[in-house]
Amino acid sequence: MRYERKSTVITTNLIFSDWIKTFHDTALTMALLDRITHNAIILNMNGESYRRRQGVKK
């Protein structure tokens, strides 16, 4: 009922190839990624961590 009607946001610090280590099953992981990335907008955020940068300042 939610498909293509509502948004879902998933955040992670793992690249997709590392998800297999979490789910321990290649077929399951590939099926999961196939479904959640279909019609998805994927933002790959690389760069300095804002929180780490804030923690350095005193």
Side-chain angles (χ1 to χ4, degrees):
M1 289 181 0
R2 185 178 178 88
Y3 183 69
E4 292 187 347
R5 294 176 186 252
K6 301 285 183 177
S7 298
T8 302
V9 176
I10 299 172
T11 63
T12 181
N13 61 346
L14 297 175
I15 59 175
F16 290 143
S17 60
D18 286 345
W19 284 37
I20 296 169
K21 296 174 188 172
T22 301
F23 295 105
H24 306 289
D25 185 296
T26 302
L28 170 74
T29 305
M30 297 305 293
L32 173 70
L33 288 171
D34 181 57
R35 283 161 180 80
I36 65 173
T37 59
H38 180 254
N39 291 334
I41 297 171
I42 300 171
L43 301 174
N44 189 2
M45 309 281 288
N46 291 318
E48 184 180 357
S49 167
Y50 178 77
R51 287 181 287 172
R52 286 187 186 171
R53 187 175 64 229
Q54 291 294 93
V56 173
K57 295 180 183 179
K58 293 184 179 185

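It should be emphasised that the depicted structure is a prediction, and the values quoted were computed from it without experimental measurement. We number each residue from 1, following the sequence as shown.
Hydrophobic clustering (ILVMFWY, side-chain heavy atoms < 4.5 Å, transitive): M45 and V9 are in distinct clusters. Both W19 and I42 are part of a single hydrophobic cluster, where members link through side-chain heavy atoms under 4.5 Å apart. Under the 4.5 Å side-chain contact rule for hydrophobic residues, F23 and I10 share a cluster. Cluster annotation: I36 and L14 are assigned to the same hydrophobic cluster (Ile/Leu/Val/Met/Phe/Trp/Tyr, side-chain heavy-atom contacts under 4.5 Å, transitive). Cluster annotation: F16 is connected to L32 through the hydrophobic network of ILVMFWY side chains, with a link wherever side-chain heavy atoms come within less than 4.5 Å.
Atom CG in L28 sits 11.0 Å away from atom OG1 in T22 (nearest 0.5 Å). Separation of atoms OG1 (T37) and CZ (R35) is listed at 10.5 Å; rounding is to 0.5 Å. Atom-to-atom distance recorded for T29:OG1 and D34:CG is 12.0 Å, nearest 0.5 angstrom. The CD1 atom of I20 lies 4.5 Å from the OG1 atom of T26; values are rounded to the nearest 0.5 Å.
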